[in-house]
Amino acid sequence: MIEKKDLDNILFKAEQGLVISRKEAYQLGSITDSVLKEMQNVSSKIRRRSFGTEMSYTQNVFIPLTNICKDYCSYCTFRKDPHHPEANIMSPEEVLSIVKKGKDLGCTEVLFSLGDKSDYFPEVREWLNRRGYRNMPEYLEDMCKMVIEETGLLPHTNVGVLDRYHLARMRRYNPSMGMMLETVSERLYAKGEVHGNAPDKKPSRRIRYIEEAGKLKIPFTTGILIGIGETWEERIDSLFKIKELHEKYGHISEVIIQNFKAKPDTPMANYPEPTFEDLIHTVCVANFIFQGSIHLQVPPNLNSAHLQELLKSGIDDWGGISPLTIDYINPESPWPHREQLLEITRKAGYVPKQRLPIYPDYIKPDFIDEKLFPYVLKLTDSQGYRADVIPL
């Protein structure tokens with residue numbers, strides 16, 4: 001257990017705006033729940049100093065372009081094999097129909113999510129080849145282009161690991177992209193562990209991909225998944241790796257701290273979930289490490305019973321919520337109603353601000369393709385948030 005004087009020194013340092021060391025972050029793993037209020041207080045001060053009273057969110061439409069996936073993660077219910085009765089690849093007509101409905105409801109973000117390396121399977125390659133595509137990234141790129149040109153909405157793509165060539169091509173149609181790092185633990189990639197049958201979850205591959213996005217100056221969302229068997233030290237190492245990448249390339253706009261949820265019919269169906277105290281503990285320490293250099297989010301639909309408490313813990317973004325589509329990755333967890341979420345935010349003393357898939361800080365020529373830039377500007381107000389009136 002950390003000694004009181006050491007805890008006080010770390011909290012004082014964090015409150016003064018000084019980044020805590022890795023060793024100090026390790027030490028904070030041994031606190032009792034009774035200390036959490038002190039940590040929340042410091043984390044909240046960092047958040048207000050860095051981001052004021054603004055609490056951002058996006059209104060999106062979720063497009064699960066395909067749920068076919070090469071990887072088998074022990075907690076996932078999204079992925080399917082090609083012959084599964086629920087396996088699906090969305091057609092351009094399906095994509096456009098849903099996106100247009102989302103636009104009518106005020107959405108500005110189109111979240112494309114799909115299984116890793118789905119075109120590993122011959123059935124998927126055959127589907128693509130019949131439509132004139134060589135691989136899934138090529139089809140995905142065309143869908144992003146279609147969405148922009150047909151609706152003016154902005155894609156935010158989470159496609160898993162791409163090579164540099166396809167990543168650079170995706171930049172032309174995505175003002176931001178994302179992929180969860182989840183963990184840097186190579187131990188959890190071993191046979192029999194949570195990522196033991198998921199080659200694209202190998203930490204070095206995901207780190208290299210995030211780094212390539214940095215070299216290409218793509219505003220990027222990443223994060224960690226807590227409670228999947230990692231140690232506290234491995235969790236801290238993951239946060240410091242994200243910090244290191246951001247300090248080198250300046251492209252990580254947001255970090256998600258996501259708590260594992262056990263799902264039926266998975267190998268981890270009976271695995272214990274992290275407590276809410278563990279979640280806010282991690283959020284606070286993340287704020288001590290990042291010191292406002294990166295926006296922090298916790299998925300509200302996974303923690304709908306604790307929204308007020310989350311606001312006290314230092315997060316400054318709710319992420320994407322949808323008035324139309326479910327969270328296909330966590331279908332058992334519905335989005336909070338938008339007005340309810342905004343009212344909770346206001347009561348906590350924060351000002352809700354709807355943003356685009358790209359944060360205002362990154363709306364600059366260095367981080368957006370020149371042909372995409374006008375589409376972004378058309379949707380923004382003078383502060384870089386979603387414009388109240390969008391010209392047709």
Side-chain angles (χ1 to χ4, degrees), residues 17 19-20 22 25 43 46-47 49-51 54-58 60 109 111-113 154-162 164 167-168 170-171 174-185 201 203-226 234-258 282-299 314-320 355-369 372 376 384:
V19 176
I20 66 172
R22 190 183 303 252
S43 184
I46 295 169
R47 179 252 189 272
R49 181 170 64 233
S50 304
F51 305 113
E54 293 174 348
M55 184 72 186
S56 56
Y57 69 98
T58 64
N60 69 13
E109 174 184 326
L111 173 60
F112 280 100
S113 189
L154 300 173
H156 172 83
T157 296
N158 190 333
V159 64
V161 177
L162 293 175
R164 182 182 174 87
L167 184 58
M170 290 300 296
R171 184 185 189 273
N174 282 262
S176 65
M177 295 182 69
M179 184 188 68
M180 294 288 281
L181 173 59
E182 294 196 12
T183 179
V184 295
S185 174
K201 291 296 177 72
S204 59
R205 295 194 68 190
R206 295 175 90 77
I207 291 167
R208 185 164 59 249
Y209 178 72
I210 298 170
E211 185 165 26
E212 288 296 337
K215 292 176 182 177
L216 291 168
K217 298 190 81 66
I218 299 173
F220 207 82
T221 293
T222 189
I224 62 173
L225 180 60
I226 71 168
E234 288 169 336
R235 197 179 297 181
I236 295 303
D237 289 344
S238 300
L239 292 171
F240 270 95
K241 173 52 70 174
I242 292 170
K243 180 176 182 289
E244 174 190 318
L245 290 167
H246 181 63
E247 287 179 340
K248 189 170 184 180
Y249 300 105
H251 69 305
I252 296 177
S253 56
E254 176 184 36
V255 165
I256 301 169
I257 310 295
Q258 182 169 330
T282 307
V283 169
C284 291
V285 176
N287 241 345
F288 298 170
I289 293 170
F290 298 139
Q291 281 291 336
S293 61
I294 304 174
H295 296 274
L296 274 185
Q297 181 214 131
V298 170
I315 63 170
D316 65 283
D317 185 80
W318 286 125
R355 61 173 176 85
L356 306 183
I358 182 170
Y359 278 88
D361 337 23
Y362 288 89
I363 300 178
K364 54 185 73 171
D366 284 357
F367 283 97
I368 306 174
D369 183 88
L372 182 59
V376 174

Has [X] got a side-chain atom pairing as donor or acceptor with [Y]'s backbone, closer than 3.5 angstrom?
| X | Y | answer |
| --- | --- | --- |
| Asn287 | Gly314 | yes |
| Asp316 | Phe51 | no |
| Arg22 | Ile236 | no |
| Thr58 | Asn60 | no |
| Lys217 | Gly214 | no |

Approximate separation, where rounding is to 0.5 Å, of [X] [atom1] and [Y] [atom2]:
| X | Y | atom1 | atom2 | value |
| --- | --- | --- | --- | --- |
| Ile226 | Glu182 | CD1 | CD | 12.5 Å |
| Phe220 | Ile358 | CZ | CD1 | 13.5 Å |
| Tyr359 | Phe367 | OH | CZ | 14.5 Å |
| Ile315 | Arg47 | CD1 | CZ | 8.0 Å |
| Glu244 | Asp237 | CD | CG | 11.0 Å |
| Thr221 | His295 | OG1 | NE2 | 10.0 Å |

How close do [X] and [Y] get, heavy atom to heavy atom, and via which atoms?
| X | Y | result |
| --- | --- | --- |
| Tyr209 | Leu162 | CE1-N, 3.2 Å |
| Ser176 | His156 | OG-ND1, 2.7 Å |
| Gln297 | Glu254 | NE2-OE2, 2.6 Å |
| Gln291 | Ile46 | NE2-CD1, 3.5 Å |
| Phe240 | Ile289 | CE1-CD1, 3.5 Å |
| Ser238 | Leu181 | O-CD2, 4.0 Å |

Under the criterion salt bridge (Lys or Arg N to Asp or Glu O under 4.0 Å), I'd like the reasoning laid out for Glu211 against Arg208: C-alpha separation, chi angles, the key distance, then a yes or no.
CA-CA 5 Å; Glu211 185 165 26; Arg208 185 164 59 249; over 6 Å; no
So, using salt bridge (Lys or Arg N to Asp or Glu O under 4.0 Å) as the criterion, who are the partners of [X] when residues are at least two apart?
| X | result |
| --- | --- |
| Glu109 | none |
| Lys243 | Glu247 |
| Asp317 | Arg355 |

Mind checking whether [X] and [Y] have side chains closer than 4.5 Å, heavy atoms only?
| X | Y | answer |
| --- | --- | --- |
| Asp361 | Ser253 | no |
| Lys241 | Ile207 | yes |
| Ile252 | Ile210 | yes |
| Ile224 | Thr183 | no |
| Tyr362 | Ile368 | no |
| Trp318 | Met55 | yes |

Applying side-chain hydrogen bond (donor to acceptor under 3.5 Å, both in side chains), run through Thr282 and Arg235 and close with a yes or a no.
CA-CA 8 Å; Thr282 307; Arg235 197 179 297 181; 2.8 Å; yes
If you apply the rule side-chain contact (heavy atoms from CB on, under 4.5 Å), what do you find for Gln258 with Val298, and how did you get there?
CA-CA 6 Å; Gln258 182 169 330; Val298 170; over 6 Å; no
Quick one: do Val255 and Phe290 satisfy side-chain contact (heavy atoms from CB on, under 4.5 Å)? Show the steps, please.
CA-CA 10 Å; Val255 165; Phe290 298 139; 4.0 Å; yes
Chi angles and distances behind the side-chain contact (heavy atoms from CB on, under 4.5 Å) call for Arg164, Lys215
CA-CA 10 Å; Arg164 182 182 174 87; Lys215 292 176 182 177; 3.8 Å; yes
State which residue, out of Asn174, Val161, Ile218, fulfils the side chain to side chain contact (heavy atoms under 4.5 Å, CB included) condition with Leu167.
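Of the listed residues Asn174, Val161, Ile218, the side chain to side chain contact (heavy atoms under 4.5 Å, CB included) partner of Leu167 is Ile218.
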Stepwise, does the side-chain contact (heavy atoms from CB on, under 4.5 Å) test hold for Ile257 with Leu296?
CA-CA 7 Å; Ile257 310 295; Leu296 274 185; 4.3 Å; yes
